[in-house]
Structure formats: C-alpha cells, structure tokens
Novice: 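Quick one: the structure is below, questions incoming.
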Amino acid sequence: EPLLQELREEAVTTPTREGSGFMAEIYLGDISTVRCEYKNAASHYEGACQIFTPRPPLGVLFKIQIPSLSQLHVRRGGALRKVNKVMQALEAMKEGVACAHDDGDRLSAHTSLGNLYQGLGDSQGAVEEYQECVTLAERSGDKVSLGWNHGNLGNAY
C-alpha cells in the first residue's frame, strides 16, 4: 500500500507524459484491474488517456512497453463493462478503434469491441467487428489472428 500511495501522489504531482505521472496512471489502472476494482481502473485509464502523447522519453529511456492510446481506451472500456456501464464501455472501445495507429492496434481494438458486442448478445455487431479483424489479419499476413477471428465469427453466427 505505501507504493500505491506513492504512485497516486506521483500521478497528481507529475501529470505529464514526460513525467512519471502517466505511467503511474497506467500502473494504478492495471493494479486496480487485478484487484477487481474496475471503477478505479477505468478512472486511472481515463487519466492516462487525457495526458497521452506518443513516444514518451521515459519509455524510450527505460525500454518500458507503453500502451498505445487505443489500448488505453480498450482497457478503460473493459473496466467500465465490469461495473455495468455498458454505453460508456462501448464508447471507450469505439474510441480505441478510432485512434488505433496501425493494423495490429486496429486488430486488437476491433477484436475487443467484437467481444464486447458478443458478450452483450449483439451478434450482428460482433460479426461486423470480427469481419473487420479477418480483413486486417489477411492484409497483414497474421495467420494466428486470422484463425482466431474466423473462430470468433463462427461463435458469433
């Protein structure tokens, strides 16, 4: 708990991506997710989204895997779904799709949105997202994702 408090203070006192506040928001979101504290997780991921800028010096310096803005929106959507904020979860996932920066990012975001639709019983929405995933996987030559998304399509039908 002392480390969490230190991270919270860091997030407040250094809220820029150049500082460690950005990373603190991500880590707090991840920790909250592991603890099933999804409302807190969504709040931290939203905080990270608000101060996001590409390629932070911290990530380059320490070779930290920094989530993309798309991944942050998708994580926020997943956390919101866990606390039954379905419309906000859909909005967050769609934001993740809209700001994806490459085919891998788009593939991940569309898959997550398809999974959300499937979980909500919206088979048509799920099929549309999974079909987009198949197109992206074919274009990028990603045979593993292609196989997974054909399976997802089969489940959605």
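None of these values were measured; they are calculated from a predicted model.
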Novice: Which atom pair, heavy atoms only, marks the closest approach of Asp103 to Ser140?
Specialist: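 Minimum heavy-atom separation between Asp103 and Ser140: OD2-CB, 4.4 Å.
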
Novice: CD of Glu37 to CG of Leu28: how many Å apart, nearest 0.5 Å?
Specialist: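 Reported value, rounded in 0.5 Å steps: 10.5 Å.
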
Novice: Using modelled atom types only, decide if a donor and an acceptor are shared between the side chain of Ser112 and the backbone of Ser108 within a distance under 3.5 Å.
Specialist: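 Indeed, once roles are kept as given, a pair shorter than 3.5 Å links the two residues.
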
Novice: Answer whether the closest heavy-atom distance between the side chains of Arg75 and Asp30 falls below 4.5 Å.
Specialist: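 Result yes, sub-4.5 Å side-chain heavy-atom pair found.
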
Novice: Any side-chain heavy-atom pair from Met93 and Val97 closer than 4.5 angstrom?
Specialist: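 Contact flag for Met93/Val97 side chains = no.
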
Novice: Working to the nearest 0.5 Å, report the span between CD of Glu129 and CG of Asn115.
Specialist: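 With rounding to 0.5 Å, CD (Glu129) is 10.0 Å from CG (Asn115).
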
Novice: Under a 4.5 Å side-chain heavy-atom rule over Ile, Leu, Val, Met, Phe, Trp and Tyr, are Tyr130 and Tyr157 clustered together?
Specialist: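 The answer is yes; both residues are in one hydrophobic cluster.
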
Novice: What are the two closest heavy atoms between Cys99 and His73, and how far apart are they?
Specialist: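 For Cys99 versus His73, the nearest heavy atoms are SG-CD2, 3.7 Å.
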
Novice: So do the side chains of Ser43 and Tyr45 get within less than 4.5 Å of each other, counting heavy atoms only?
Specialist: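 No; the side chains remain at least 4.5 Å from each other.
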
Novice: Under the criterion side chain to side chain contact (heavy atoms under 4.5 Å, CB included), I'd like the reasoning laid out for Arg81 against Val86: C-alpha separation, chi angles, the key distance, then a yes or no.
Specialist: CA-CA 5 Å; Arg81 173 64 178 111; Val86 176; 4.0 Å; yes

Novice: Hydrophobic clusters here meaning ILVMFWY residues chained together by side-chain heavy-atom distances under 4.5 Å, can you tell me if Val134 and Leu136 are in one?
Specialist: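 Shared cluster, no.
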
Novice: Please answer: with hydrophobic residues joined when any side-chain heavy atoms are less than 4.5 Å apart, are Leu116 and Val74 in the same cluster?
Specialist: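 As far as the 4.5 Å side-chain criterion goes, Val74 and Leu116 are connected within one cluster.
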
Novice: For Leu72 and Ile26, run side chain to side chain contact (heavy atoms under 4.5 Å, CB included): C-alpha distance rounded to whole Å, both residues' side-chain angles, the deciding distance at 0.1 Å, then the answer.
Specialist: CA-CA 8 Å; Leu72 290 172; Ile26 293 172; 3.9 Å; yes

Novice: Specify the closest pair of heavy atoms between His110 and Cys133, including all atoms of both residues, with the distance to one decimal.
Specialist: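 Result for this residue pair: CB-SG, 3.5 Å.
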
Novice: Tell me the closest heavy-atom pair linking Ser32 and Ala41, and the distance in Å.
Specialist: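 Where Ser32 meets Ala41 most closely, the heavy atoms are CB-N, 3.6 Å.
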
Novice: Working to the nearest 0.5 Å, report the span between CD of Gln88 and CD of Glu46.
Specialist: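 The CD atom of Glu46 is 9.5 Å from CD of Gln88, to the nearest 0.5 Å.
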
Novice: Pairs of donor and acceptor atoms involving the side chains of residues 144-153, under 3.5 Å and at least two apart or interchain, shall be tabulated with distances.
Specialist:
from: Ser145; atom 1: OG; to: Asp142; atom 2: OD1; distance (Å): 3.4
from: Ser145; atom 1: OG; to: Asp142; atom 2: OD2; distance (Å): 2.7
from: Asn149; atom 1: OD1; to: Asn152; atom 2: ND2; distance (Å): 3.1
from: Asn149; atom 1: ND2; to: Ser145; atom 2: O; distance (Å): 3.0

Novice: Tell me the closest heavy-atom pair linking Ser70 and Gly96, and the distance in Å.
Specialist: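 Of all heavy-atom pairs spanning Ser70 and Gly96, the closest is OG-O, 2.6 Å.
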
Novice: Within this structure, what is the CD-CZ distance for the pair Glu95 and Arg76, rounded to the nearest 0.5 Å?
Specialist: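 Between atom CD of Glu95 and atom CZ of Arg76 there are 5.0 Å.
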
Novice: Please examine the side chains of Glu128 and Gln124, heavy atoms only from C-beta on, and report whether any two atoms are closer than 4.5 Å.
Specialist: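 When only atoms from C-beta onward are counted, Glu128 and Gln124 do touch, with a gap below 4.5 Å.
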
Novice: Quick one, Lys82 with Thr33, criterion side chain to side chain contact (heavy atoms under 4.5 Å, CB included). Give me CA distance, side-chain angles, the key distance, then yes/no.
Specialist: CA-CA 10 Å; Lys82 292 287 191 177; Thr33 298; over 6 Å; no

Novice: Can you check side chain to side chain contact (heavy atoms under 4.5 Å, CB included) on Leu113 and Leu90, steps first, answer last?
Specialist: CA-CA 7 Å; Leu113 182 55; Leu90 281 168; 4.0 Å; yes

Novice: Is it the case that the side chains of Ser68 and Asp105 hold a donor-acceptor pair, with the cut-off being a distance below 3.5 Å and no angle test?
Specialist: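 Judged by distance alone, the side chains do pair up.
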
